[in-house]
Every structure is written in C-alpha cells, then in structure tokens.
Amino acid sequence: MHQPFNLDFTLNSGQTFRWRKVDESWYGVIGSTAVKALQIKDKLILKANEALEEDIVLRYFGLKDDLLKIYDSIDKDQHIHAALKAYRGLRILKQDPWETLISFITATYTNIRRVETTLGELCRRFGVASMFNKERVYLFPTPQAILSHGLKGLYETGLGYRAPWILEAAKIVEANPDLLPSLAEQQYEEARLTLLNKKLFKGVGNKVADCILLFGYGKLEAFPIDRWVRRSLVRCYRQLFDTELISKLKDKSFTTTAYNKVRLKMIDYFGGYAGYAQQYLFTYERLGSNSLNP
DNA sequence: TGGCAC
DNA sequence: GCCAT
C-alpha cells in the first residue's frame with residue numbers, strides 16, 4: 001500500500017463527518033458505493049457492496065499524494081514537525097464536492113459531534129439506504145432529493161437557521177449542474193473567488209470555502225483557518241505576524257482582511273501543500289500529541 | 001460589530 | 001463562522 005497511511009487519523013480529523021466505526025471497521029460511502037474499510041498494519045482492506053475501481057479508492061483516500069514528498073516540503077519547524085510525527089499517515093480526502101459544500105455549511109458555529117448527528121439525520125431521511133453486512137449506510141442526498149422534501153423537512157433534521165441556506169444551495173446546484181464540476185477546472189485562487197466574490201452560496205465564507213476547496217477538490221494549498229488553527233498559529237507562529245494581527249487571531253475581530261493576510265502568509269510559509277500543514281496543525285491542536293486517544 | 005437554530 | 005446591520 002501507499003505509505004504512510006493511517007485510516008483512523010484520516011477519518012477522525014474533522015474533514016469528514018459521516019464515517020462510522022463499528023468494532024474495528026469503518027462504514028461509509030465512496031461515490032455512491034457503500035464500503036467497509038479496515039486497516040490492519042500497513043494493509044487497507046476495502047469491501048464494497050458493488051464493483052468499485054481501485055483508482056476511485058486511491059483518489060478518495062488521498063493515497064495518490066506522495067505523502068513523504070509532502071512531509072519533506074512542509075516540515076519547516078519544530079511545531080509542524082511534532083504534528084507530522086504525532087499524526088503520521090493522516091491524509092486529506094478528496095470527497096464529493098456537493099457533500100462537502102453542504103457539510104461545511106452545516107459545520108459553522110457548532111461542534112463536530114453535532115454536525116455528525118445533523119448530517120446523519122439528513123442522510124437517514126433523504127438519502128438512499130443501502131445495506132452493508134448488518135450495517136445500514138445512507139448515500140448523501142442529491143440536490144433533487146433535498147428539494148423534493150422542502151424546507152420543513154430540512155428543519156426537522158436539526159439544521160436550524162441553515163435549513164434555508166441548504167435549500168437554496170440545492171436549488172442553485174440543481175439549476176446549474178456544471179457549477180460544481182467547473183470549480184475543479186479552476187485553480188485554487190480562481191475557484192475561491194468564484195465561491196466568494198459572487199456570493200454564490202449563503203453560509204460559504206472564507207473558512208468554509210477553503211474547506212470545500214481542500215477536502216472536496218484537492219486544492220492542497222488551501223489553508224482553512226478555524227478556531228483550532230488560530231490557536232495553533234497564536235501559540236506557535238507568532239513570529240510570522242505583527243502584534244495587531246496576533247490580537248485579531250485571538251478574538252472576534254478576525255475579519256476577511258485579517259483572514260486573507262494570515263492565509264496568504266501561511267501558504268507562502270508552507271508552500272503548495274499548506275493544506276496538509278493546516279490539517280496536521282488543526283488535529284494536533286484539537287486532539288493533542290496523544291494520538292492513541294483521539 | 002453583535003446575534004445566532006438546535 | 002457567517003450574515004446582516
């Protein structure tokens with residue numbers, strides 16, 4: 001197998017919300033195929049309920065990234081070094097853009113556990129069910145499925161004030177089938193502008209856009225800055241910023257202007273794989289160095 | 001800048 | 001973390 005790889009770190013690092021661990025196995029969906037994934041030592045064992053191209057699997061789990069080369073390029077200081085060591089094998093997934101869009105709109109101003117519950121409910125109600133062994137797995141609902149249930153149905157999933165945003169997103173994607181695929185053709189900064197400047201989707205700001213581009217499109221320079229990354233930057237990377245920017249990183253005055261200054265500085269610092277650096281700093285800050293107890 | 005569905 | 005003000 002492509003090394004290094006750690007399935008638990010990858011699926012527990014806040015980039016995906018729908019994988020479920022039962023005993024030693026993870027149940028989830030790749031494309032529209034229900035799968036069971038299990039890592040034993042260096043082997044990734046994949047069982048699917050229908051034919052699934054190996055290429056699709058490699059792509060999904062980020063196994064096509066040359067992780068050692070990436071480590072080499074971002075291993076710039078003792079802080080990132082410790083994070084890379086603690087979470088060695090953590091990879092950035094390449095998830096479905098539509099699911100990623102809705103997931104990260106849902107993930108603002110809450111915690112991961114609640115996002116998991118809400119998205120689980122969304123999929124349970126609106127998604128196509130499929131069985132794997134004794135585990136029931138739901139596909140992520142299509143825009144059409146969401147539209148057919150309407151706003152009331154969305155509210156019942158616990159989406160709260162995001163319900164209308166999700167409905168609106170479904171309308172936009174349904175009306176423009178080429179929109180999400182076209183972002184894949186664009187470079188990171190261009191795709192980012194498409195998402196943000198046109199104010200395409202309600203609920204998609206700086207951070208959510210960067211998450212979508214990183215986890216849904218594999219734009220590996222994207223550097224999403226959330227509260228954990230902010231904490232990490234204040235704690236370990238103070239020297240890269242002036243005191244004004246540091247104080248903004250610490251509180252609510254973290255505006256778009258500040259976000260962009262920090263983002264560009266970090267991409268400049270870590271280079272084209274800044275997104276990987278971000279994911280390790282995020283996980284290290286959130287879960288600590290005790291990687292056995294995530 | 002403050003308020004926010006569950 | 002984003003939106004509306």
Side-chain angles (χ1 to χ4, degrees), chain A residues 13-18 95 97-126 141 146 149-173 183 191-217 219 222-234 241 244-267 274-275 278-279 281-283 285-286:
Chain A
S13 62
Q15 58 179 317
T16 187
F17 305 100
R18 299 227 306 120
Q95 303 174 74
W98 162 246
E99 175 171 351
T100 311
L101 167 70
I102 299 306
S103 296
F104 283 93
I105 289 177
T106 305
T108 59
Y109 190 54
T110 18
N111 52 279
I112 291 176
R113 216 176 54 207
R114 216 171 72 73
V115 177
E116 290 173 346
T117 309
T118 305
L119 291 177
E121 198 59 17
L122 182 74
C123 295
R124 191 179 68 76
R125 288 165 177 263
F126 303 159
I146 286 179
H149 287 86
L151 194 54
K152 267 186 195 140
L154 281 176
Y155 275 118
E156 288 167 5
T157 66
L159 247 8
Y161 60 84
R162 301 178 194 79
W165 300 351
I166 306 279
L167 186 71
E168 193 183 308
K171 283 180 189 162
I172 293 169
V173 170
L183 292 179
R192 196 173 191 281
L193 289 179
T194 309
L195 240 25
L196 295 177
N197 275 13
K198 300 179 181 170
K199 286 179 155 274
L200 254 181
F201 300 106
K202 282 217 177 72
V204 178
N206 290 300
K207 187 267 182 183
V208 172
D210 280 329
C211 287
I212 294 167
L213 294 170
L214 181 57
F215 305 129
Y217 288 94
K219 312 283 188 205
F223 193 91
I225 305 166
D226 79 328
R227 60 197 190 104
W228 296 107
V229 174
R230 284 164 67 174
R231 235 178 262 186
S232 172
L233 296 180
V234 169
F241 307 103
E244 192 190 332
L245 213 41
I246 287 296
S247 68
K248 288 183 175 173
L249 274 168
K250 286 180 179 167
D251 59 43
K252 278 212 66 169
S253 59
F254 193 55
T255 58
T256 288
T257 312
Y259 185 102
N260 275 319
K261 281 184 188 168
V262 174
R263 172 178 77 86
L264 293 171
K265 167 62 82 177
M266 296 317 290
I267 294 173
Q278 178 276 162
Q279 196 58 15
L281 294 176
F282 168 86
T283 305
E285 196 67 24
R286 187 169 77 95

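Reminder, nothing fancy here: chain letters follow the sequence lines and each chain counts from 1. Bear in mind that the values here come from a model prediction, so they are computed numbers and not experimental data.
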Set of side-chain contact (heavy atoms from CB on, under 4.5 Å) partners for [X], sequence neighbours left out:
X: A:A107; answer: A:F17, A:F104, A:V115
X: A:L151; answer: A:Y155, A:A163, A:P164, A:L167
X: A:T255; answer: A:T257, A:A258

Pairing residues for [X] by the side chain to side chain donor-acceptor pair (under 3.5 Å) criterion, not counting sequence neighbours:
X: A:T194; value: A:Q186
X: A:T118; value: none
X: A:N111; value: none

Enumerate the salt bridge (charged side-chain N to carboxylate O under 4.0 Å, His left out) contacts for residues 104-117 of chain A, please, sequence neighbours excluded, ordered by first and then second residue. none
Going by salt bridge (Lys or Arg N to Asp or Glu O under 4.0 Å), name the residues that satisfy it together with A:K219, two or more places apart in sequence or in a different chain. none
Using distance only, find each side-chain donor-acceptor pair of residues 205-215 of chain A under 3.5 Å and give its atom names and separation, not counting sequence neighbours.
residue : atom : partner : partner atom : Å
A:N206  : OD1  : A:R192  : NH2          : 3.2
A:N206  : ND2  : A:T256  : OG1          : 3.1
A:D210  : OD1  : A:Y188  : OH           : 2.7
A:D210  : OD1  : A:R192  : NE           : 3.0
A:D210  : OD2  : A:R192  : NH2          : 3.3
A:D210  : OD2  : A:Y259  : OH           : 2.7

For nucleotides 3-5 of chain C, list the nitrogen or oxygen atoms of the protein found under 3.5 Å from its nitrogen or oxygen atoms, one pair per line.
residue : atom : partner : partner atom : Å
C:dC3   : OP1  : A:G203  : N            : 2.6

Would you jot down, in residue-number order, the residues of residues 257-264 of chain A having a non-hydrogen atom under 4.0 Å from DNA chain C? none
Under a 4.0 Å N-O cut-off, is there an ion pair linking A:E156 with A:K152? no
Would you list the protein and nucleotides 3-6 of chain B atom pairs, both N or O, that sit under 3.5 Å from each other?
residue : atom : partner : partner atom : Å
B:dG3   : O6   : A:K252  : NZ           : 2.3
B:dC4   : N4   : A:Y109  : OH           : 3.2
B:dA5   : O4'  : A:Y161  : N            : 3.1
B:dA5   : N6   : A:Y109  : O            : 3.2
B:dA5   : N1   : A:R114  : NH2          : 2.6
B:dA5   : N1   : A:R162  : NH2          : 3.3
B:dA5   : N3   : A:R114  : NH2          : 3.4
B:dC6   : O2   : A:R114  : NE           : 3.4

